[in-house]
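Just so we're on the same page: letters track the sequence lines, and every chain starts at 1. No experiment lies behind these values; they were computed from the predicted model shown.
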Amino acid sequence: MPAETPALEAAASETNRDFIRDLVQADLESRRVTSVVTRFPPEPNGYLHLGHAKSICLNFGLATEFGGICHLRFDDTNPVKEEQEFIDAIKRDVHWLGFDWGEHLYHASDYFEQLYQWAEHLIRAGLAYVDDSPVDEMRAMRGTLTEPGRASAYRDRGVEENLDLFRRMRAGEYPNGARVLRAKIDLAAGNMNLRDPVLYRILHAAHPRTGTAWCIYPTYDFAHGQSDAIEKVTHSLCTLEFEDHRPLYDWLIEHLPVPARPRQTEFARLNLGYTVLSKRNLTDFVKRGIVTGWDDPRMPTLAGLRRRGVPAEAVREFVRRIGMARANSIVDLALFEHAIRDRLNQSSQRRMAVLRPLKLTIENFPEGEVQELSAVNHPDDPAAGSRTVRFGREIYVERDDFMEVPAKKFYRLSPGREVRLRYAFLVTCREVVKDADGNVVELRCTYDPASRGGNAPDGRKVQATLHWVCAADAIPAEVRLYGTLFNRPDPGADGDIFADINPESLEVLRGALLEPSLADVSSGEVVQFERQGYFCPDLDSRPGAPVFNRTIGLRDTWAKVQAGGG
RNA sequence: UGGGGGAUCGUUCAAUGGUAGGACAAACGACUCUGACUCGUUUUAUCUAGGUUCGAAUCCUAGUCCCCCAACCA
């Protein structure tokens with residue numbers, strides 16, 4: 001066995017292997033690098049979403065596994081789109097996801113002076129020039145996918161003139177768009193990124209961090225690789241659409257006196273069914289009021305998921321399960337939902353709540369009497385203990401748990417049928433009370449006093465167990481049910497993403513009734529409403545007026561049977 | 001039609017010349033004081049056509065299809 005580096009020993013085996021981890025491992029073994037430095041480089045022009053979570057888990061995870069470090073670096077080179085609010089939100093969300101950059105917080109804007117000096121370096125080397133062409137003209141002269149570009153009249157300016165003009169650009173002598181600095185590479189290149197890409201543009205705009213110190217800003221291509229080099233990033237990981245930029249990334253690293261030679265590796269971005277993971281689209285939804293904000297529980301943003309009650313562990317587990325590859329794909333939403341349920345099933349205490357109440361009166365239960373019953377908080381975790389629930393003559397059950405004319409395979413409550421009320425008694429439906437319009441408004445039942453706790457002494461079985469709340473002490477609440485924001489797995493595939501918006505993505509239930517202990521659920525805590533799903537208090541809750549979000553429903557085999565025409 | 005990538009169960013990720021495997025989904029069954037959870041069983045895949053080889057998802061050749069690129073966005 002060859003001596004292993006500490007970094008290799010640190011690579012834990014419990015993590016899934018993928019081509020990037022293999023590459024890092026190989027780089028370590030070949031001593032191309034001696035330690036691992038990665039970075040997560042968000043642009044602060046919006047909130048982080050699930051797609052970013054994949055990148056965050058990759059970059060921070062890799063660093064942890066190989067004993068390296070991961071930087072958080074804001075790619076803040078476009079003050080027109082970037083805001084402090086987004087910087088703050090991004091930090092909050094990365095932390096929430098469970099990662100810590102420690103002291104390694106950086107900004108591309110920290111390097112503006114160095115980048116500027118390097119731009120002058122390129123000019124002196126005859127590898128960059130100031131172009132006065134208007135945008136339209138430059139676009140026209142760049143050629144097309146099949147035709148080469150043409151040189152602008154300014155391409156052969158002398159070094160001194162270029163230097164002078166570039167310095168004047170910096171000094172603020174020209175308006176936006178008047179001139180740009182371009183690299184001099186190859187106007188006939190098949191790769192459009194090499195047709196003399198723009199390195200600097202004039203932007204008279206205040207930057208969240210540098211204020212008005214600058215009026216010229218480097219483009220992504222000029223800032224990113226050099227920032228990686230300054231930070232001595234060993235593995236610069238990005239998504240597939242930057243693949244074409246790699247030759248430019250390498251060209252700049254090669255022609256500049258940078259302190260390190262980082263390498264870019266691309267992986268496929270995450271796509272999720274019935275979801276949009278594009279900051280541009282998400283920004284539109286916020287601006288057009290299609291959602292209530294970046295943290296709307298229907299949004300695939302980390303802030304939205306957090307508000308909805310999705311645990312960070314579930315997001316990490318999901319990312320682990322989807323793997324890492326170079327092939328474009330659309331991950332099944334069910335995989336994400338499974339990760340959420342899997343996590344919540346372990347961590348959530350059980351409670352009872354009735355979403356759509358139907359009154360149930362127990363005729364042979366003494367008027368005014370209240371019984372105290374014991375209910376376990378978690379069936380698989382005795383340490384979670386139990387609580388007391390009160391039971392009386394009048395209770396509420398779920399409307400969906402009653403059918404006057406039971407469908408095939410429906411084995412809940414119907415006239416004459418006996419069911420169990422969880423933790424309480426067996427009850428039998430004796431009579432159905434309707435209003436003038438024929439709507440069922442109340443069930444009159446009898447109970448078996450000997451079945452206290454839920455089982456009859458004679459051992460007879462019932463087919464269903466129902467959740468319920470006691471009319472005497474139930475607390476009213478608003479409950480918000482969420483569906484997907486889109487009504488097709490590939491929103492926008494026909495060109496108009498707004499046409500695919502699901503108009504029923506939010507259902508608000510105002511008459512829900514909760515067992516009293518639910519008044520004490522703290523924010524951030526997710527509980528299971530038995531037989532229904534996982535719910536958490538929303539930040540819209542007010543004293544005496546709780547609002548709960550449904551994080552996700554339980555798997556519902558009965559609903560499937562019904563949908564199948566049962 | 002230029003350049004760069006990619007094609008493996010329904011979905012997604014493995015298998016790196018040697019038995020095509022896992023997860024999710026689906027179906028069926030067991031269990032059940034949650035039609036949940038859990039457990040068991042089952043179905044289904046190497047883009048096509050040639051070639052190399054004892055042996056090919058993997059290597060070669062030729063096709064087909066899909067994605068990205070013509071911002072002074074990232």
Under 4.0 Å, counting only non-hydrogen atoms across every strand here, what does [X] touch: a base, just sugar-phosphate, or nothing?
{"X": "A/N45", "value": "nothing"}
{"X": "A/Q528", "value": "base"}
{"X": "A/P148", "value": "nothing"}
{"X": "A/T239", "value": "nothing"}
{"X": "A/L194", "value": "nothing"}
{"X": "A/Y411", "value": "base"}
{"X": "A/K279", "value": "nothing"}
{"X": "A/R195", "value": "nothing"}

Exercise. Does A/R326 make a side-chain N or O approach to OP1 or OP2 of B/G6 shorter than 4.0 Å?
Worked result: yes

Exercise. Taking only side-chain nitrogens and oxygens of A/T465, does any of them come within less than 4.0 Å of OP1 or OP2 of B/G35?
Worked result: no

For this session: Answer yes or no as to whether B/G35 has its base stacked against A/W558, where stacking requires a ring-centre separation under 5.5 angstrom and planes under 30 degrees apart.
Result: yes

If you restrict it to nitrogen or oxygen atoms, what contacts under 3.5 Å exist between nucleotides 18-25 of chain B and the protein, and what is each distance?
residue: B/A23; atom: O2'; partner: A/R321; partner atom: NH1; Å: 2.9

What pairs with [X] under side chain to side chain contact (heavy atoms under 4.5 Å, CB included), at least two apart in sequence or on another chain?
{"X": "A/Q349", "answer": "A/R351, A/N377, A/A384"}
{"X": "A/L145", "answer": "A/M192"}
{"X": "A/R167", "answer": "A/Y116, A/E120, A/R124, A/L163"}

How many whole angstroms separate atom [atom1] of [X] from atom [atom2] of [N]?
{"X": "A/M324", "N": "B/G5", "atom1": "CE", "atom2": "C1'", "answer": "17 Å"}
{"X": "A/Q346", "N": "B/U38", "atom1": "CD", "atom2": "C1'", "answer": "12 Å"}
{"X": "A/F535", "N": "B/U34", "atom1": "CZ", "atom2": "C1'", "answer": "13 Å"}
{"X": "A/L58", "N": "B/C13", "atom1": "CG", "atom2": "C1'", "answer": "14 Å"}
{"X": "A/D490", "N": "B/G10", "atom1": "CG", "atom2": "P", "answer": "18 Å"}
{"X": "A/E530", "N": "B/C37", "atom1": "CD", "atom2": "P", "answer": "14 Å"}
{"X": "A/M141", "N": "B/C72", "atom1": "CE", "atom2": "P", "answer": "14 Å"}
{"X": "A/L344", "N": "B/C37", "atom1": "CG", "atom2": "C1'", "answer": "13 Å"}

Problem set entry | First of A/S329 and A/M138 reached from the 5' end of RNA chain B, by closest nucleotide | A/S329

Exercise. Considering heavy-atom distances to RNA chain B, does A/D556 or A/D132 have its closest nucleotide positioned more toward the 5' end?
Worked result: A/D556

Exercise. Between A/R209 (side chain) and A/D110 (backbone), is there a donor-acceptor pair under 3.5 Å?
Worked result: no

Exercise. Hey, does the side chain of A/E398 reach the backbone of A/R356 with a donor-acceptor pair shorter than 3.5 angstrom?
Worked result: yes

Enumerate donor-acceptor pairs with a distance under 3.5 Å from any side-chain N or O in residues 327-344 of chain A to protein atoms, sequence neighbours excluded.
residue: A/D332; atom: OD1; partner: A/A334; partner atom: N; Å: 3.0
residue: A/R341; atom: NE; partner: A/G553; partner atom: O; Å: 2.7
residue: A/R341; atom: NH2; partner: A/G553; partner atom: O; Å: 3.3

All ring-ring contact (aromatic ring centres under 6.0 Å, His included) counterparts of [X], not counting sequence neighbours:
{"X": "A/Y534", "value": "none"}
{"X": "A/F529", "value": "A/F535, A/F548"}
{"X": "A/F486", "value": "A/F285"}
{"X": "A/W468", "value": "A/F391"}

Exercise. Do the rings of A/F74 and A/H107 sit parallel, tilted or perpendicular, given the 30° and 60° boundaries?
Worked result: parallel

Separation of the [atom1] atoms in [N] and [M], to the nearest angstrom:
{"N": "B/U61", "M": "B/G22", "atom1": "C1'", "value": "34 Å"}
{"N": "B/U1", "M": "B/A56", "atom1": "P", "value": "33 Å"}
{"N": "B/C39", "M": "B/A23", "atom1": "P", "value": "10 Å"}
{"N": "B/G29", "M": "B/G35", "atom1": "C1'", "value": "15 Å"}
{"N": "B/A25", "M": "B/A57", "atom1": "P", "value": "30 Å"}
{"N": "B/U44", "M": "B/A36", "atom1": "C1'", "value": "27 Å"}
{"N": "B/C37", "M": "B/C24", "atom1": "P", "value": "11 Å"}
{"N": "B/A7", "M": "B/C60", "atom1": "P", "value": "14 Å"}

Problem set entry | Side-chain touch A/H224/A/F242, heavy atoms, less than 4.5 angstrom | no

Select one nucleotide: of [options], the one nearest the side-chain heavy atoms of [X].
{"X": "A/V198", "options": "B/U38, B/A36, B/C72", "answer": "B/C72"}
{"X": "A/D75", "options": "B/C72, B/G35, B/A74", "answer": "B/A74"}
{"X": "A/A327", "options": "B/G35, B/U34, B/A7", "answer": "B/A7"}

For this session: Check the side chains of A/S451 and A/N455 for a donor-acceptor pair under 3.5 angstrom, ignoring hydrogens and angles.
Result: no

For this session: Report yes or no: do A/H467 and A/R531 form a side-chain donor-acceptor pair below 3.5 Å?
Result: yes

Exercise. Hey, does the side-chain of A/R531 have a donor or acceptor N/O within less than 3.5 Å of a partner on the base of B/G35?
Worked result: no

For residues 175-184 of chain A, which side-chain donor-acceptor pairs fall under 3.5 Å, sequence neighbours excluded?
residue: A/N176; atom: OD1; partner: A/H204; partner atom: N; Å: 2.7
residue: A/R179; atom: NH1; partner: A/D132; partner atom: OD1; Å: 3.0
residue: A/R179; atom: NH1; partner: A/D132; partner atom: OD2; Å: 2.7
residue: A/R182; atom: NE; partner: A/D196; partner atom: O; Å: 2.7
residue: A/R182; atom: NH1; partner: A/D131; partner atom: OD2; Å: 2.8
residue: A/R182; atom: NH2; partner: A/R195; partner atom: O; Å: 3.3
residue: A/R182; atom: NH2; partner: A/D196; partner atom: O; Å: 3.2
residue: A/K184; atom: NZ; partner: A/R155; partner atom: O; Å: 3.2

Polar atom pairs between nucleotides 66-71 of chain B and protein, under 3.5 Å, N or O only, would you list them?
residue: B/C67; atom: O2'; partner: A/N328; partner atom: ND2; Å: 3.1

Exercise. What would the secondary structure line of RNA chain B be in dot-bracket form, counting Watson-Crick and G-U wobble pairs under 3.5 Å, with [ ] for pairs that cross earlier ones and | for pairs with another strand?
Worked result: .((((((..((((....[..)))).(((((.......)))))....(((((..]....))))))))))).....

Exercise. Glycosidic conformation of B/A71, syn or anti, with 90° from 0 as the boundary?
Worked result: syn

